[in-house]
Structure formats: C-alpha cells, structure tokens
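Some notes on the structure that comes next.
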Number of protein chains: 2
Amino acid sequence: MKLNTKSRYAVMALADMAVFSRNNAVSLRDISLRQGISLLYLEQIFLRLKKNNIVKSVRGINGGYILVKSPKELKISDILLALDQKVKTIGCKKDSKKSCNGKSTKCITHNFWDELDIHINSFFENKKLSDLLKNRETRI
Amino acid sequence: MKLNTKSRYAVMALADMAVFSRNNAVSLRDISLRQGISLLYLEQIFLRLKKNNIVKSVRGINGGYILVKSPKELKISDILLALDQKVKTIGCKKDSKKSCNGKSTKCITHNFWDELDIHINSFFENKKLSDLLKNRETRI
DNA sequence: AAAAACTTGACTATTTTAGTCGGGTATATA
DNA sequence: TATATACCCGACTAAAATAGTCAAGTTTTT
Ligand code: FES
Ligand code: FES
C-alpha cells in the first residue's frame with residue numbers, strides 16, 4: 001500500500017512552489033535543486049500537472065510554473081487525480097461483468113474495499129496544499 | 001495506491017471461513033472452489049496467517065484451518081500485518097539518517113504522509129472481520 | 001543570436017507482484 | 001497398515017508496474 005513517487009514528488013514540488021513563489025514563476029531547475037528531485041522526472045510530472053490545469057507555464061528565460069489556484073484552494077485530491085493516482089485499493093469495478101474472483105456476483109469483501117476507498121479519498125479531498133505548509137519548522 | 005492480492009485474498013478467505021466454518025476446520029480446497037482463488041496461492045497465504053497466529057491448522061484427512069479468534073475480535077489490521085502489508089504510503093522512515101529526498105532533514109511533506117498513514121491504519125484497526133459479514137445479500 | 005526553460009514521446013533497467021512447482025509431512029479412516 | 005486428503009515450505013518465474021533517462025525539439029527574453 002504505497003504511493004508512487006510521481007504523486008509524492010508532485011505534492012512536494014507544489015508545496016515548494018507555494019513557499020518560494022513570490023508572484024513569479026518557479027523554474028523546475030530551482031525545485032529540483034531545493035527538493036532533490038531529478039529535473040527530467042519533474043518535467044514529466046509537470047507535464048501532467050499542466051494538462052490538468054494545476055499549474056500554468058511561462059516559457060523562455062525567467063520562465064517556470066505558476067499555481068493556477070491558491071494553496072488554500074488546491075485540494076490534494078486534485079493533484080493525485082492529475083497523476084492518475086486513483087485510490088482504488090482493488091480493481092474489480094471497471095468491467096461490471098466480472099467480479100474480482102471472476103464470478104458474476106460481487107464477492108463478500110467488495111463493499112468493504114469500497115468503504116476503504118471512500119475513507120482514503122475523503123482524506124485527500126479535505127486536505128489543501130496550504131495544510132502542508134502549516135507548522136513546518138526549519139524544513140525545506 | 002492498490003492493495004496487493006495476497007491481502008485481498010486473505011481477507012476474502014477468512015471471511016469465507018467465518019461464514020462456512022461450523023465449528024470444524026475449513027479446507028483450503030473448499031475456500032479455493034467457493035472463492036475462485038488458486039489453491040496453491042492460498043497455501044502460501046495461509047502459511048503466513050498461521051505463523052502470525054490468525055488461524056491454526058488441522059492436518060490430515062478432514063483437516064483444514066480454524067480461526068484463532070472469533071470474527072468479532074479479529075481486526076482487519078491483524079490480517080494485513082500478517083502479510084507484511086504495512087500501510088506506509090512512503091518509505092522514508094526506516095533509516096532516519098536519510099529523508100525521502102536524501103537530505104538530513106525531513107521534507108516538507110513528511111508530516112502529511114504520516115497523517116495519511118494514521119488515517120488509513122485507523123480504518124483497518126476499527127474494522128473487524130465480522131463487519132464484513134453484515135448485510136451481505138446473496139453474496140458468496 | 002544565445003541562453004534559459006518548457007514540451008513531448010519513446011525508451012529502459014529495476015523492482016514488485018502474482019502466482020506456480022516440487023517435494024515434502026501428518027493424520028483419519030477403511 | 002495402506003491410502004487419500006490436506007497441510008507445509010522453500011525456490012522459482014513470467015509479467016507488470018515503477019522510476020527514471022534520453023533525445024530532440026519549441027518558445028521567449030535579453
Ligand atoms: S467483487 Fe469487487 S472486490 Fe471482489
Ligand atoms: S522526508 Fe519523509 S517523506 Fe520526505
């Protein structure tokens with residue numbers, strides 16, 4: 001039950017932007033240096049974030065990325081969604097013809113996993129990027 | 001963010017036992033047939049469950065497995081623990097020398113992931129095997 | 001023109017997952 | 001006591017997912 005690095009780095013990078021952007025674009029190079037994340041990997045991640053309207057880009061020199069919403073309004077669930085990091089603890093829902101064990105009826109545990117997904121999703125829904133920034137000490 | 005099949009099958013198999021055991025051992029063969037899970041895979045799973053004292057075994061003919069605790073007392077978290085399915089959404093905690101980004105201080109998102117882990121774990125802690133059996137319809 | 005920085009698809013090595021296989025051992029019953 | 005049933009256990013493997021790199025661009029500012 002692990003989160004992949006893409007999602008982790010995305011949240012980390014956006015938190016970095018929230019801290020260091022002073023109304024101007026933040027370059028991936030700076031994020032890479034501050035957060036210790038590979039620049040090439042960040043590029044891949046920000047491609048998705050841009051397509052999903054989490055950030056917008058400014059090209060050319062002094063360019064970089066800007067948060068579309070304020071950290072107070074940006075839900076963590078939006079970020080994860082942008083990276084296809086769906087919280088689906090099991091995967092039997094897609095083709096309703098087949099349950100997880102190949103039978104036509106839902107298995108005995110189905111409702112339980114559904115509840116779990118709801119539980120986790122509600123956590124991400126209720127957290128905003130700004131929540132990560134509170135009471136950080138000397139970090140970053 | 002997916003649960004592995006071992007954990008899923010473990011919960012499913014134990015739920016099956018809770019339903020079909022009438023004070024006698026339930027064989028893996030029966031579980032396999034009812035739940036559509038490979039017998040050989042179940043053996044591997046039950047090995048762990050046994051080692052972690054979730055079930056005990058009865059060898060020989062008419063043998064099988066028996067739940068050590070009643071379904072009302074068996075926490076889902078115990079089951080997952082038996083299968084090493086730790087809920088650690090990120091993995092930076094083990095060697096405290098290194099944070100997830102290789103720096104000496106914890107990264108800006110660290111506390112957030114910790115909170116997430118607690119949130120998910122509390123779900124598994126508070127659910128008992130018997131909770132899965134409530135209001136199941138024609139399932140199984 | 002040159003440099004900084006974003007854009008994009010394809011590619012790859014590593015790790016994890018989801019199982020299988022083979023060769024056991026114990027026990028109830030006929 | 002033979003035999004079938006069912007647990008026991010380590011080793012193995014194919015396939016999928018992950019994490020990250022590479023190459024070859026384009027755009028914009030100075
Ligand atoms: S049928 Fe949905 S989890 Fe088994
Ligand atoms: S240092 Fe723990 S998650 Fe980054």
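- Residues A/Ser57 and A/Gln44 both approach DNA chain C. Their nearest nucleotides, taken by heavy-atom distance, put A/Ser57 toward the 5′ side.
- Residues satisfying the ring-ring contact (aromatic ring centres under 6.0 Å, His included) test with A/Phe124, not counting sequence neighbours, are none.
- What separates CG of A/Asn4 from P of D/dG20 is a distance of 10 Å, to the nearest Å.
- Grouping the Ile, Leu, Val, Met, Phe, Trp and Tyr side chains by contacts below 4.5 angstrom, directly or via other members, places A/Leu47 apart from A/Tyr41.
- Rounded to an integer number of Å, the gap from CD1 of B/Ile66 to P of D/dC7 is 11 Å.
- Distance B/Phe46 CZ to D/dC8 P: 11 Å, rounded to the nearest Å.
- Separating the CG atom in A/Asn4 from the NZ atom in B/Lys2 is a distance of 11.5 Å, to the nearest 0.5 Å.
- Contact annotation: B/Lys50 side-chain N/O to D/dC8 OP1/OP2 distance is under 4.0 Å.
- Among pairs with a residue in residues 21-32 of chain B, none fulfils salt bridge (charged side-chain N to carboxylate O under 4.0 Å, His left out), at least two apart in sequence or across chains.
- In this structure, B/Phe112 is a member of the same hydrophobic cluster as A/Phe20, with clusters built from ILVMFWY side-chain heavy atoms closer than 4.5 Å.
- Note: CD1 (B/Ile45) to C1' (D/dC9) measures 15 Å, nearest angstrom.
- Atom CG in A/Leu3 sits roughly 14 Å away from atom C1' in D/dA17 (whole-Å rounding).
- If you find the closest nucleotide of DNA chain C to A/Val26 and to A/Lys51, the one lying nearer the 5' end belongs to A/Val26.
- Side-chain nitrogen and oxygen atoms of B/Tyr65 include at least one within less than 4.0 Å of the OP1 or OP2 phosphate oxygen of D/dC8.
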Show which side-chain atoms of residues 52-68 of chain B pair as donor or acceptor with protein atoms under 3.5 Å away, not counting sequence neighbours.
unit_1: B/Asn52; atom_1: ND2; unit_2: B/Arg48; atom_2: O; d: 2.9
unit_1: B/Asn52; atom_1: ND2; unit_2: B/Ala82; atom_2: O; d: 3.4
unit_1: B/Ser57; atom_1: OG; unit_2: B/Lys50; atom_2: NZ; d: 3.1

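- One can place CG of B/Leu39 at 12 Å from C1' of D/dT5, the figure rounded to the nearest angstrom.
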In 5'-to-3' order, the base (B), backbone-only (S) or no-contact (-) status of each nucleotide in nucleotides 23-30 of chain D, using a 4.0 angstrom heavy-atom cut-off, is --BBBBS-
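- Protein chain A touches strand DNA chain C; the 5'-most and 3'-most nucleotides with an atom under 4.0 angstrom of its non-hydrogen atoms are C/dA4 to C/dA10.
- B/Lys127 is linked by a side-chain hydrogen bond (donor to acceptor under 3.5 Å, both in side chains) to A/Glu115, counting only residues two or more places apart in sequence or in another chain.
- A 4.5 Å side-chain heavy-atom check between A/Leu28 and A/Glu43 finds at least one atom pair inside the cut-off.
- Note: the hydrophobic cluster containing A/Leu74 does not contain A/Leu81 (ILVMFWY, side chain heavy atoms under 4.5 Å, direct or indirect links).
- Atom OH in A/Tyr9 sits roughly 14 Å away from atom C1' in D/dT21 (whole-Å rounding).
- Rounded to an integer number of Å, the gap from CG of A/Leu42 to P of D/dA19 is 14 Å.
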